[in-house]
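Below is one structure, written out as structure tokens, with a few remarks after it.
Quick caveat, the model's predicted, so the values are computed rather than measured.
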Amino acid sequence: MKPRTKAQFRVVEMSQYVNKIKDEVFDWAKKECLEHRAYATKNNVLCLDCGESFSPTLVSRNKATCPHCKTKVKVKQSRCTTDRQVNYFAVTELVVEYQVVINFEIIVTYKKGKKANYYIHEILQYWIPPDKKLVMYGKSHNTQGFCDSWSGSMEIRTESNSYYSGGKYDIYARKYHPSSIVDYDYQKLGIDHNLRGISFLEAIRLLPNNSKAETLLKAKEYDLLAYYNNQSGVVSRYWDSVKIAMRHKYKIKDASMYFDYLDFLRYFNKDLHSPKYLCPKNLHREHNRLMNKKNEIQRLRNLEERRKKMIDSQKYYVEQKKKFFDLEFKEKDITINVLKSVEEFLEEGEVLNHCIYKNGYYSKEDSLCFSAKIKGVRTETIEVILSKLKVEQCRGNDNKPTKHHKKILELINKNLPKIRAVIEQSNSKKKRNQKKSLINQI
């Protein structure tokens, strides 16, 4: 839209004086902001960066260095000969009193026998004055809820006040270029070019009044920070334990699994202030050990009591989530359905060996859980946070991603607008019923 306020006119005028991004930044983005992959068959390994093939004997622990382009690649077993990646990166600088964040989209396509084809374009600028009254100058974002389509010319953009599309211009940059300049007031909070886990806008809004988030950022606990941004109550509950783990320099790489593990420690009355328990050498193994131990204890409990509990939980679960039960997403061999009963949560947890039932995911009001099946076989479980319309986790057997993980995520992300439509329809129905009730009372 055209600028209307003095601040917007000033931003449009100053935007032409922003330093032009140099080729070295694009070269850095191609190297640092993408996952470098190779697809392996029995006889050949295809490097997607250069399109050339090399011998499987060069692969060690699913990693290799391509002898043709010298790129270090992660190797996956696949017969695919094409691929595509989309990601975001940013550069920050200071212009007069403004903190400016320049966001870019990088799209790369791969094909056997050809070098990777890159397309990089500037999509959005954040102009942040000292009073934090943000002005956005960039291209139009055509899809609500998550970033995937940018077009048009650079213009003033305004954030929607809608509950479900309010964050469509809040970009999660994968990385910030090392030459980025950050205002000193933000640097004191720990915000610099290493920022991860949350977007720049979320950081400047959350950190000034939140000591926990500031502590996590300064400790470079980016996975924990991202988890705290969505599940602040869980982190706050175990904050003393988290501080002890950080004090012992324990890196938490999978926050969701770590807090599930702490739930298990609490269940078994273990000391939540002891580094012995808080800093396991192998989190995955200890998580599974306690989960299996808890499973065994619960299996030995009286089955009739469990049935009664399931009946009560089922009533509550149906009351909360019934409106979503008709949702079904299909694509080729993949089918994604909402878990329709507490018993299905139990089956999902037992088949895939994870804690979706044991930790009571069916009782979470802001959570909607799906079962992804391949040819009718349970493959991965998906948890969507309803208030943010965002996939919180997607896990297969033993809490690990399967070879279908990427396609399952793409399918659920593509259908997030359908979940939003159900929520909006339900809210509209409630309003109509409330209106009828008031009329009847009159």
Side-chain angles (χ1 to χ4, degrees), residues 21-91 102-123 146-148 150 171-180 193-197 199 220 222-223 226 251 253-254 284 380 391 393-396 400-411 413:
I21 304 303
K22 299 178 181 178
D23 290 341
E24 61 199 47
V25 174
F26 296 145
D27 292 338
W28 166 85
K30 293 174 185 178
K31 182 180 179 180
E32 300 294 337
C33 299
L34 296 167
E35 181 182 342
H36 300 281
R37 306 168 181 164
Y39 287 152
T41 60
K42 185 177 180 181
N43 300 315
N44 287 295
V45 181
L46 171 63
C47 172
L48 295 176
D49 275 41
C50 65
E52 300 293 335
S53 297
F54 57 90
S55 171
T57 58
L58 298 177
V59 179
S60 176
R61 296 182 179 180
N62 297 324
K63 293 181 180 180
T65 300
C66 175
H68 303 285
C69 63
K70 309 303 179 185
T71 302
K72 294 181 180 180
V73 293
K74 291 183 179 179
V75 182
K76 295 172 63 177
Q77 294 294 321
S78 175
R79 293 183 178 274
C80 292
T81 57
T82 61
D83 202 356
R84 183 175 186 269
Q85 284 192 71
V86 179
N87 228 312
Y88 301 90
F89 69 93
V91 179
I102 309 170
N103 295 283
F104 294 85
E105 181 180 50
I106 178 170
I107 303 172
V108 55
T109 55
Y110 306 98
K111 189 173 183 179
K112 183 178 180 179
K114 294 184 178 181
K115 289 185 177 180
N117 183 35
Y118 298 92
Y119 173 64
I120 302 175
H121 65 131
E122 182 180 347
I123 54 175
F146 55 94
C147 300
D148 66 351
W150 300 86
I171 299 172
Y172 289 80
R174 181 183 177 93
K175 287 189 177 182
Y176 294 82
H177 191 266
S179 67
S180 295
H193 72 275
N194 292 311
L195 181 65
R196 306 283 187 277
S199 71
K220 300 187 185 303
Y222 301 121
D223 196 71
K251 281 292 177 183
K253 297 179 180 179
D254 189 334
H284 186 266
E380 292 194 7
V391 176
Q393 51 184 327
C394 181
R395 300 179 185 271
K400 297 178 181 178
T402 67
K403 63 180 180 179
H404 306 285
H405 180 74
K406 181 180 176 183
K407 291 182 179 179
I408 290 171
L409 272 181
E410 287 176 351
L411 181 56
N413 278 324

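- The minimum heavy-atom distance linking Cys47 with Ala38 is given by the pair CA-CB, 4.2 Å.
- More than 12 heavy atoms of other residues, nucleotides or ligands lie within 6.0 Å of NZ in Lys30, so this atom counts as buried by the packing criterion.
- Atom-to-atom distance recorded for Lys220:NZ and Lys251:NZ is 8.0 Å, nearest 0.5 angstrom.
- Between Arg196 and Tyr222 the shortest heavy-atom distance is CB-CG, 3.4 Å.
- Side-chain contact annotation: Glu380 with His404, donor-acceptor N/O pair under 3.5 Å absent.
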Would you list the atom pairs, donor with acceptor, under 3.5 Å between side chains in residues 59-73 and any protein atom, with sequence neighbours excluded?
from  : atom 1 : to    : atom 2 : distance (Å)
His68 : NE2    : Ser53 : O      : 2.9
Lys70 : NZ     : Pro67 : O      : 3.3

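- Ser55 contributes no side-chain N or O that, together with a main-chain N or O of Leu58, makes up a donor-acceptor pair within less than 3.5 Å.
- Under the 30°/60° scheme for interplanar angles, the aromatic rings of His177 and Trp28 are found to stand perpendicular.
- Taking all atoms of both residues into account, the shortest heavy-atom contact from Ile171 to Ser199 is O-CB, 3.3 Å.
- By the 6.0 Å contact criterion, NZ on Lys403 is open, its count of non-hydrogen atoms from other residues, nucleotides or ligands being 12 or less.
- Residue Asp49 holds its CG atom at 4.5 Å from OH of Tyr118, rounded to the nearest 0.5 Å.
- Heavy-atom neighbours of Lys31 NZ from other residues, nucleotides or ligands within 6.0 Å: at or below the threshold of 12.
- Considering all non-hydrogen atoms of both residues, Phe104 and Val91 come closest at CE1-CG2, 4.4 Å.
- Rounding to the nearest 0.5 Å gives a distance of 11.5 Å between CD of Gln77 and NZ of Lys42.
- At a threshold of 4.5 Å between non-hydrogen side-chain atoms, the residues Lys112 and Asn44 do not count as touching.
- Counting heavy atoms from C-beta outward, Lys74 and Arg37 have side chains that stay 4.5 Å or more apart.
- Between Tyr88 and Arg174, every side-chain heavy-atom pair lies at or beyond the 4.5 Å cut-off.
- Residues Lys253 and Asp223 fail the side-chain proximity criterion, which asks for heavy atoms closer than 4.5 Å.
- Residue Ala116 comes nearest to Leu48 through the heavy atom pair CB-O, 4.0 Å, listed as atom of the first residue, atom of the second, then distance.
- Atom-to-atom distance recorded for Asn103:CG and Tyr172:OH is 12.5 Å, nearest 0.5 angstrom.
- The closest side-chain heavy-atom distance from Trp150 to His121 is below 4.5 Å.
- Using a 4.0 Å cut-off between charged nitrogen and carboxylate oxygen, Asp254 and Arg395 count as a salt-bridge pair.
- One distance of note links CG of Asp83 with CD of Glu35; it measures 9.0 Å at 0.5 Å rounding.
- Residues Lys175 and Cys33 meet the side-chain proximity criterion, which asks for heavy atoms closer than 4.5 Å.
- The distance from the CG atom of Asn87 to the CD1 atom of Ile106 is 8.0 Å, given to the nearest 0.5 Å.
- Annotation: side chain of Tyr39 is not in contact with side chain of Thr81 (no heavy-atom distance under 4.5 Å).
- Although no hydrogens or angles enter the test, the distance criterion places no donor-acceptor pair under 3.5 Å between the side chain of Glu122 and the main chain of Ile102.
- A donor-acceptor contact closer than 3.5 angstrom links the side chains of Gln85 and Tyr110.
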